[in-house]
S.K.: 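I have a structure I would like to understand better, so I am pasting it below and will then ask my questions one at a time.
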Amino acid sequence: MDAITLLKKDHQTVEKLFKRFEKTGDGALVERRKIVDQIIEELSKHAAIEEQLFYPVTRATVDEVDDVILESLEEHHVVKWLLSELETMDPADERFKAKTTVLIENVRHHVKEEEEEYFPKVRDQLGRNDLGELGDAMADAKKGAPTHPHPEAPDTPPGNIVAGAASGVVDRVTDTVSGLAQGGVSVATDLIARFTGREKPRTSPQGSPAARRTASKVRSSVSDATDKAARTGKATVTSARKGAKNTAAAAKGASTSTGRAAKVGAKTTAAAAKGASTSTQRTAKKTASTAKAGAKRTASTATGAAKKTAKTAKAGAKRTSTTASGAAKKTATSAKRAAS
């Protein structure tokens, strides 16, 4: 998770708590106390990792963010005072709801400015790997971040890192706290050096042996993580190049195979077409011959039928003429007798 994604996730978490508080009724005092306690814890940790790492690192590596960071620090200062007052206030107090509402309005304004103005500038200038390394360091810092507000503590390095470590691990011995603080400062300076391309500063931890060991361990763990990220990135590039080469070879082989198959297919299709054409010609020729023979037979039959019909008609006409002549003679004879 990169640094901006981590911070936005925190913003979403507190916004859900704000909405839950706004939905509570005036009689839900226990619920309001519980929600406000969660808000106090989430905002305290969130402010600590921004002030200890995100603000100093981005201020040193990103252009034109000084003003918004200075305003953000002042907004944090106001929010931490409100949180410290709410922490000890009775939820039945008539100003408890009003103070929480003012807190919510301040935080929402702060979040809007960060997400719309500040974060886009950071994402434009820091690459994915840099934001990932910063996010990993912030996630580690969040594990030991204070869960209560400390408005009087410093909010800029190195004082805020020392104070943050001391507040976040009050149950640890002084040497360990000092070591964590020194290690935290080293983490911020190492990240700044890495992002700007400058050589990492080689400052040596101070104090007791225990403090020096703790500081070295904190710095070493982050250094190992960043080096591992670099190696992973290099391996990924190598793997991508190899994969691209294999893909190209496979594509070339597939293209050759496809060409051969197409050539064979075309040849087969041409042969089949030629065979089909020859067969069609033979069939057409045979059909024409059959039609010619049929026409000849039909003509011969028609001629014979016509001759037979003419002969029959001639014979019929002769018989009709003979019959008519006999009838006429018979009629004339009858008429002659009648006249006598």
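In what follows, every heavy atom counts, from backbone to side chain, and hydrogens, waters and symmetry copies are set aside. Not measured: the values here are computed from a predicted model.
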S.K.: Other than F96, which residues form its hydrophobic cluster under the rule that side-chain heavy atoms must be closer than 4.5 Å?
M.R.: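 Hydrophobic cluster check, F96: joined to V14, L17, F18, F21, I35, V36, I39, I40, L43, V78, V79, L82, L83, L86, M89, V102, L103, I104, V107, V111.
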S.K.: Any side-chain heavy-atom pair from I4 and F54 closer than 4.5 angstrom?
M.R.: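 Yes, side chains in contact.
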S.K.: Which residues pass the salt bridge (Lys or Arg N to Asp or Glu O under 4.0 Å) test with E41, sequence neighbours left out?
M.R.: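 K45.
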S.K.: Could you walk me through whether H109 and E113 pass the side-chain contact (heavy atoms from CB on, under 4.5 Å) check?
M.R.: CA-CA 6 Å; H109 171 76; E113 284 192 336; 3.3 Å; yes
S.K.: Working to the nearest 0.5 angstrom, can you tell me the gap between H110 NE2 and E115 CD?
M.R.: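 One finds 9.5 Å between NE2 of H110 and CD of E115.
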S.K.: Can any side-chain N or O of R32 pair as donor or acceptor with the backbone N or O of G27 at less than 3.5 Å?
M.R.: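 Answer holds: no.
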S.K.: Report the residue from E85, E74, E50, E51 that forms a salt bridge (charged side-chain N to carboxylate O under 4.0 Å, His left out) with K80.
M.R.: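 Exactly one pass, corresponding to E51.
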S.K.: In Å, rounded to the nearest 0.5 Å, how long is the span from OG1 of T5 to CZ of F119?
M.R.: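 Interatomic distance, T5 OG1 to F119 CZ, rounded to 0.5 Å: 9.5 Å.
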S.K.: What distance separates D26 CG from E94 CD, expressed to the nearest 0.5 Å?
M.R.: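 That separation rounds to 12.5 Å.
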S.K.: Taking atom CZ of R95 as the centre, does the number of heavy atoms from other residues, nucleotides or ligands within less than 6.0 Å exceed 12?
M.R.: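 No, CZ of R95 has 12 or fewer neighbouring heavy atoms, counting only those of other groups under 6.0 Å.
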S.K.: Give a yes or no on whether the backbone of E64 and the side-chain of K121 come within a donor-acceptor separation of less than 3.5 Å.
M.R.: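 Between the backbone of E64 and the side chain of K121 there is a qualifying donor-acceptor contact (under 3.5 Å).
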S.K.: What distance do R33 atom CZ and D90 atom CG have between them, rounded to the nearest 0.5 Å?
M.R.: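 Those atoms lie 8.0 Å apart.
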S.K.: Taking the basic N atoms (NZ, or NE/NH1/NH2) and the acidic carboxylate oxygens, is any pair closer than 4.0 Å for D10 and K142?
M.R.: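 Salt bridge flag = yes for K142 with D10.
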S.K.: Could you check whether any side-chain heavy atom of Q38 comes within less than 4.5 Å of a side-chain heavy atom of T13, counting everything from C-beta outward?
M.R.: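 Side-chain contact under 4.5 Å: no.
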S.K.: Could you state the interatomic distance from CD (E87) to CG (D37), rounded to the nearest 0.5 Å?
M.R.: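 So the CD of E87 and the CG of D37 are separated by 7.5 Å.
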S.K.: Which pair of heavy atoms, one from L6 and one from G135, lies closest together, and at what distance?
M.R.: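 Scanning both residues completely, I find the closest heavy atoms to be CD1-O, 3.7 Å.
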S.K.: For a quick test of reading the model, state the closest non-hydrogen atom pair linking V65 to V62 and the distance between them.
M.R.: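 Smallest interatomic distance, heavy atoms only, reads CG2-O, 3.4 Å.
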S.K.: Give me the atom names and distance for the closest heavy-atom approach of A48 to P146.
M.R.: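 Distance-wise, the nearest heavy atoms are CB-CD, 3.8 Å.
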S.K.: Report the C-alpha separation of I49 and L7 in whole Å, then their side-chain angles, then the decisive distance to 0.1 Å, and conclude whether the side-chain contact (heavy atoms from CB on, under 4.5 Å) test is met.
M.R.: CA-CA 9 Å; I49 62 172; L7 295 178; 4.2 Å; yes
S.K.: At their closest point, which heavy atom of I69 faces which heavy atom of T58, and how far apart are they?
M.R.: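 Closest heavy-atom pair between I69 and T58: CD1-OG1, 3.9 Å.
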S.K.: Tell me, do V122 and L131 make a side-chain contact under 4.5 Å, heavy atoms counted?
M.R.: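 Yes, close enough: below the 4.5 Å cut-off.
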S.K.: If you measure from the Lys or Arg side-chain nitrogens to the Asp or Glu carboxylate oxygens, is any gap between E114 and K8 under 4.0 Å?
M.R.: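 No, no charged N to carboxylate O under 4.0 Å.
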S.K.: Hey, can you tell me if H76 and H46 have their rings parallel, tilted or perpendicular (30° and 60° cut-offs)?
M.R.: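 If you compare the ring of H76 with that of H46, the planes turn out tilted.
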